[in-house]
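As the structure is a computational prediction, the values presented were derived from the model and not from experiment. Heads up: numbering here begins at 1 and tracks the sequence.
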Amino acid sequence: MASPAGGSDLFASYEQDFQTVGDGIRNKIDQQIPSQSGEQRKATVRAVERELDEVDEILGQMEMEILNIPAPSRTRLQAKLRLYKSEAEKMKRDLRRANAVAPRSSDRDELFGDMLSSQSDLDASTMDQRQRLLSGTERLGESSRRLEDSHRLALETEGIGVNILSTLKGQRETMLRARDTLAEADSYIDKASKTLKGMARRMATNKMITAAIILILVALIVLVIWTKLF
């Protein structure tokens, strides 16, 4: 697993890649495609589509890297990632719009001026309906992504909870073993105390017996001496 600092640096490098590729995409959409036509226009559109695929890969790498970053920094980077995803979706929308709009050409405008004028209302209505459909699809996609993020967050939270419960269980078992050890030590101390008390009583009894024997011997000696003298 990457360190916090290393993870942030790698995420920052992905950000730079995203900005570089994004600048190229916006230049093609805003400047090149509107002024091109025919095969040249198609080639530019295909190039933008490839670059958009590259943008999706970069976003995927960002999302994977966020999983290796501690929670305090992860929240901030997840907010950035959502902004980048929104920006990528906007570039895709802009490409569709640019590709749907006919290329600028003065000769074509002069040749088909009357036809474009007569169909302008129909084209505008069609574009409006298409835009509404695209907007609805994008909202559904965004809702799905939010549900996926929520589900991923719930799984991460569940994993953390399982780890905490496992740690608490281990600590409880350790405390129970320590309590059993203390109880066993108490029983040994009680046995030793009883043994010492018994030994003390026996010693006191032995002292009394010894004192009695000494007194008897002294009495006998005195008696023998007295008998010899008198």
Side-chain angles (χ1 to χ4, degrees), residues 1-34 44-100 130-178:
M1 181 177 291
S3 64
S8 298
D9 292 341
L10 188 55
F11 189 89
S13 69
Y14 290 141
E15 288 183 292
Q16 293 177 356
D17 294 341
F18 180 88
Q19 295 297 339
T20 300
V21 178
D23 290 341
I25 291 174
R26 283 187 286 271
N27 178 64
K28 291 181 178 68
I29 292 175
D30 297 338
Q31 303 296 328
Q32 298 182 24
I33 292 178
T44 304
V45 170
R46 287 193 294 269
V48 173
E49 290 174 346
R50 288 192 297 270
E51 290 174 342
L52 286 172
D53 290 338
E54 183 178 354
V55 164
D56 289 337
E57 292 179 2
I58 293 172
L59 292 174
Q61 292 296 327
M62 287 182 179
E63 192 167 3
M64 292 293 295
E65 188 59 31
I66 286 176
L67 298 178
N68 296 328
I69 297 175
S73 300
R74 187 184 302 167
T75 302
R76 176 176 57 84
L77 296 181
Q78 283 177 337
K80 277 190 173 184
L81 180 60
R82 286 193 291 270
L83 291 176
Y84 291 142
K85 286 183 177 181
S86 297
E87 188 173 349
E89 291 300 322
K90 183 178 183 301
M91 287 188 287
K92 292 176 183 179
R93 292 196 301 270
D94 292 342
L95 174 63
R96 289 193 292 267
R97 293 194 190 100
N99 195 28
R130 182 179 181 183
Q131 183 60 38
R132 285 198 296 270
L133 289 173
L134 290 174
S135 298
T137 302
E138 289 163 5
R139 284 195 295 271
L140 288 174
E142 183 66 24
S143 298
S144 298
R145 284 189 294 272
R146 289 177 181 174
L147 288 174
E148 291 175 358
D149 292 339
S150 299
H151 183 258
R152 188 180 301 109
L153 180 60
L155 290 178
E156 292 175 0
T157 303
E158 181 182 0
I160 293 171
V162 169
N163 291 333
I164 292 174
L165 288 175
S166 178
T167 302
L168 290 175
K169 181 180 179 182
Q171 292 177 350
R172 180 177 180 273
E173 292 175 350
T174 301
M175 293 177 67
L176 290 175
R177 286 194 297 270

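- In plain terms, the two heavy atoms of Leu81 and Ile66 that are nearest each other are CD2-CD1, 3.8 Å.
- Residues Asn99 and Ile33 form no side-chain contact, since every pair of their non-hydrogen atoms from C-beta on lies 4.5 Å or further apart.
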What's the verdict on side-chain contact (heavy atoms from CB on, under 4.5 Å) for Met62 and Leu59, showing C-alpha distance, side-chain angles and the deciding distance?
CA-CA 5 Å; Met62 287 182 179; Leu59 292 174; 4.1 Å; yes
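- The minimum heavy-atom distance linking Ile69 with Ser73 is given by the pair CG2-CB, 3.6 Å.
- If you run side-chain hydrogen bond (donor to acceptor under 3.5 Å, both in side chains) between Asp94 and each of Arg97, Arg96, Lys92, only Arg97 comes through.
- Under the side chain to side chain contact (heavy atoms under 4.5 Å, CB included) criterion, Arg46 pairs with Lys42, Ala43, Glu49, Arg50, not counting sequence neighbours.
- Side-chain atoms of Lys85 and Lys90, non-hydrogen and from C-beta on, never get closer than 4.5 Å to each other.
- Scanning all heavy atoms of the two residues, the minimum distance from Phe11 to Glu65 falls at N-CG, 4.3 Å.
- The side chain to side chain contact (heavy atoms under 4.5 Å, CB included) check on Gln16 picks up nothing, with sequence neighbours excluded.
- Thr20 OG1 to Glu54 CD: the interatomic distance, rounded to the nearest 0.5 Å, is 9.5 Å.
- For the atom pair Leu67 CG and Leu77 CG, the distance stands at 11.5 Å (nearest 0.5 Å).
- When all heavy atoms of Pro34 and Ile29 are compared, the closest pair comes out as CD-O, 3.2 Å.
- For the pair Phe18 and Tyr84, the tightest heavy-atom approach, listed with the atom from each and the gap, is CZ-O, 3.5 Å.
- The closest side-chain heavy-atom distance from Thr174 to Arg177 is below 4.5 Å.
- Counting all heavy atoms, side chain and backbone alike, Ser13 lies closest to Leu10 at OG-O, 2.5 Å.
- Side-chain contact check for Leu95 versus Ile25: every heavy-atom pair is 4.5 Å or farther apart.
- Applying the salt bridge (Lys or Arg N to Asp or Glu O under 4.0 Å) rule to pairs touching residues 12-29 yields Glu15-Lys80, Asp23-Arg26, Arg26-Glu87, Lys28-Glu51, sequence neighbours excluded.
- Applying the side chain to side chain contact (heavy atoms under 4.5 Å, CB included) criterion to Leu176, with sequence neighbours excluded, gives Arg172, Arg179.
- Here Arg82 pairs with Gln78, Ala79 under the side chain to side chain contact (heavy atoms under 4.5 Å, CB included) rule; sequence neighbours left out.
- Partners of Arg76 according to the salt bridge (charged side-chain N to carboxylate O under 4.0 Å, His left out) rule, which considers only residues two or more places apart in sequence or in another chain, do not exist here.
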